Number of protein chains: 2
Amino acid sequence: MEGKGGDRLHNLDIQRTMPRGRPREFDTETALNNAMLVFWRRGYRATSLDDLTEAMQVNKPSLYAAFGDKESLFLQVIDFYANNLLAPRSSRLMQADDMRSGLERYFADLSEVVVGKSYPPGCLIACVLTEECAESEALKEKLASMIKGADERLAKFFNTHKEELKSDLSPKQAAKLLLSTIYGLSIRARAGTPKRELVEICEAFIKSIAK
Amino acid sequence: MEGKGGDRLHNLDIQRTMPRGRPREFDTETALNNAMLVFWRRGYRATSLDDLTEAMQVNKPSLYAAFGDKESLFLQVIDFYANNLLAPRSSRLMQADDMRSGLERYFADLSEVVVGKSYPPGCLIACVLTEECAESEALKEKLASMIKGADERLAKFFNTHKEELKSDLSPKQAAKLLLSTIYGLSIRARAGTPKRELVEICEAFIKSIAK
DNA sequence: TTTATTCTATACTGGTCAGTACATTATTCC
DNA sequence: GGAATAATGTACTGACCAGTATAGAATAAA
């Protein structure tokens with residue numbers, strides 16, 4: 001009797017983690033990662049659904065069932081990018097002991113994303129989302145919220161190191177200048193500027209805001 | 001006899017300015033300006049040839065005869081943009097008496113382009129060319145040459161005012177930071193950031209590089 | 001007035017696009 | 001094992017796309 005109850009509970013447990021029908025043959029994270037790489041390399045409009053299904057190894061009906069339409073998939077890709085490529089690097093920035101070394105490491109970390117061999121050149125948000133957001137209110141809001149989040153996080157960092165800031169600069173101002181610098185790096189990377197030139201800009205930025 | 005010779009010369013002269021066939025019914029500059037506005041608002045890929053012919057008031061065969069294919073037209077649009085909207089503003093910068101007032105006016109001038117009511121938000125180069133340049137070598141080279149030109153012009157400006165620069169910053173470095181700042185403004189404008197917030201960034205930039 | 005030339009207008013083309021209908025397959029629940 | 005559920009694979013659809021063929025109209029030269 002108790003055995004039956006235990007079994008039922010056990011089954012409910014399985015039901016929660018193992019849904020009814022035919023199981024998915026693809027991994028959502030892997031598929032999103034591959035979608036990200038295509039959008040990043042080719043841009044939003046230039047990426048066709050056929051490009052996506054090929055890269056993601058997911059056919060169209062499955063893609064629509066799992067991610068919705070192209071724009072909805074792109075929004076999920078942006079979140080995936082922010083969570084997996086940007087967030088860990090800004091977390092590391094927050095742990096820095098001082099402003100200068102923190103920024104140096106942050107720029108080094110970010111350059112893996114923006115000019116690294118593992119990814120297409122430039123920041124996905126700066127280079128791809130920015131163009132397309134003119135055509136869609138949802139994408140525009142996504143861009144705005146990404147910028148707001150970055151501004152706040154970076155301002156928090158500068159706030160904990162304000163004694164190292166040039167005296168007439170506020171943490172918020174420094175944060176916005178840093179974000180601009182990152183966008184600048186990104187666009188230059190897209191244009192093919194070699195990493196060595198970008199490093200000089202990072203150094204110049206640190207000089208410009210430091211006491 | 002001399003009269004005949006004079007007439008012939010006169011006719012040759014007309015031939016040079018007045019070509020043979022049916023005259024064009026559209027003005028090239030006006031058409032380019034209208035093409036620019038569409039590309040700027042909608043992006044490169046999202047702009048169809050039908051959008052262009054409607055905006056330019058030029059039908060497709062005439063458009064192809066006058067400007068070549070879509071990419072070729074876009075390249076001419078970029079030059080039109082640089083020559084007509086950017087060049088006059090950076091010329092005015094070069095005439096400034098001191099760094100601070102020069103930059104203040106430059107930012108004010110540029111904000112007409114980037115957040116003005118007369119144009120779509122953001123810089124055409126930063127927001128539109130940057131995405132598409134990943135798909136075309138010609139566009140990538142155009143972006144690179146635009147960046148190079150801007151770097152050189154701005155460095156020249158800072159070089160004539162280097163006594164006002166923070167002592168550890170070179171004119172070249174200041175130029176690259178300024179260009180990054182402009183890109184940052186541009187992307188924020190595309191996201192819908194109001195002008196008043198952008199002005200704060202301009203002020204912060206000037207503080208960051210000034211002595 | 002004729003001819004050569006150049007632009008204009010319309011209609012068309014082959015290809016690609018985002019999104020979907022439908023039949024099939026794999027799995028859980030009963 | 002049978003019903004219900006949820007995925008997969010293929011093939012399709014109407015719309016739109018960049019670019020062009022063809023015929024007609026406006027001009028300069030002869």
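Only a predicted model underlies this, so the values are computations on that prediction, with no experimental measurement involved. All chains are named by letter (A, B, ...) in the order of the sequence lines, taking the proteins before the strands, and each is independently numbered beginning at 1.
Take Phe80(A) and apply the ring-ring contact (aromatic ring centres under 6.0 Å, His included) test, not counting sequence neighbours, and it matches no residue. Considering only residues two or more places apart in sequence or on other chains, Ala155(B) meets the side-chain contact (heavy atoms from CB on, under 4.5 Å) condition with Lys172(B), Ala175(B). Residues satisfying the ring-ring contact (aromatic ring centres under 6.0 Å, His included) criterion with Tyr81(A), sequence neighbours excluded, are Trp40(A). For Phe157(A), the ring-ring contact (aromatic ring centres under 6.0 Å, His included) test picks out His161(A), with sequence neighbours left out. For Tyr64(A), the side-chain contact (heavy atoms from CB on, under 4.5 Å) partners are Leu49(A), Asp69(A), not counting sequence neighbours. Legend: residues meeting side-chain contact (heavy atoms from CB on, under 4.5 Å) with Ala46(A), ordered by chain and number and at least two apart, are Arg42(A), Arg45(B), Glu135(B).
For the contact set between residues 34-56 of chain B and DNA chain C, defined by any heavy atom under 4.0 Å, there are no members. Of the residues in residues 133-143 of chain B, not one comes within less than 4.0 Å of DNA chain D through any heavy atom. Scanning residues 61-80 of chain B for heavy-atom distances under 4.0 Å to DNA chain C yields Pro61(B), Ser62(B).
If you take NZ of Lys60(A) and P of dT13(D), they are 14 Å apart, rounded to a whole angstrom. Taking atom CZ of Arg24(B) as the reference point, atom P of dT6(C) lies 11 Å away to the nearest angstrom. Atom CD of Glu25(B) is separated from atom C1' of dA26(D) by 8 Å (rounded to the nearest Å). Across the protein-nucleic acid pair, Arg20(B) atom CZ and dA28(D) atom C1' stand 6 Å apart, rounded to whole Å.
In this structure, the side chains of Met99(A) and Phe158(A) come closer than 4.5 Å at one or more pairs of heavy atoms. Residues Glu132(A) and Leu129(A) have side chains not in contact (no heavy-atom distance under 4.5 Å, counting atoms from C-beta outward).
Stacking of Lys142(B) on the aromatic ring of Phe74(B) is not recorded, the 6.0 Å distance cut-off and the 45° axial limit not both being met.
Taking the six-membered ring wherever Trp is involved, the centroid distance between the rings of Tyr183(B) and Tyr183(A) does not fall below 6.0 Å.
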Please list, one pair per line, the donor and acceptor atoms closer than 3.5 Å that link side chains of residues 28-38 of chain A to other protein atoms, with sequence neighbours excluded.
| unit_1 | atom_1 | unit_2 | atom_2 | d |
| --- | --- | --- | --- | --- |
| Thr30(A) | OG1 | Asp27(A) | OD2 | 2.7 |
| Asn34(A) | ND2 | Thr30(A) | O | 3.4 |
| Asn34(A) | ND2 | Ala55(A) | O | 3.3 |

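OP1 or OP2 of dA9(C) sits under 4.0 Å from a side-chain N or O of Asn59(B).
Of the residues near DNA chain C, Gly21(B) and Val58(B), the one whose nearest nucleotide (by heavy atom distance) lies more toward the 5' end is Gly21(B).
For Arg22(A) against dT8(D), no side-chain N or O and base N or O form a donor-acceptor pair under 3.5 Å.
Side-chain N/O atoms of Thr130(B) and Glu131(A) include no donor and acceptor closer than 3.5 Å.
Sorted by first and then second residue, the pairs that involve residues 175-188 of chain B and meet salt bridge (charged side-chain N to carboxylate O under 4.0 Å, His left out), not counting sequence neighbours, are Asp151(A)-Arg188(B), Glu197(A)-Lys176(B).
Comparing the end axes of the helix from dT1(C)-dA30(D) to dC30(C)-dG1(D), each fitted to five base pairs by superposing C1' atoms of four pairs onto the next four, gives an inter-axis angle of 0° (nearest 10 degrees).
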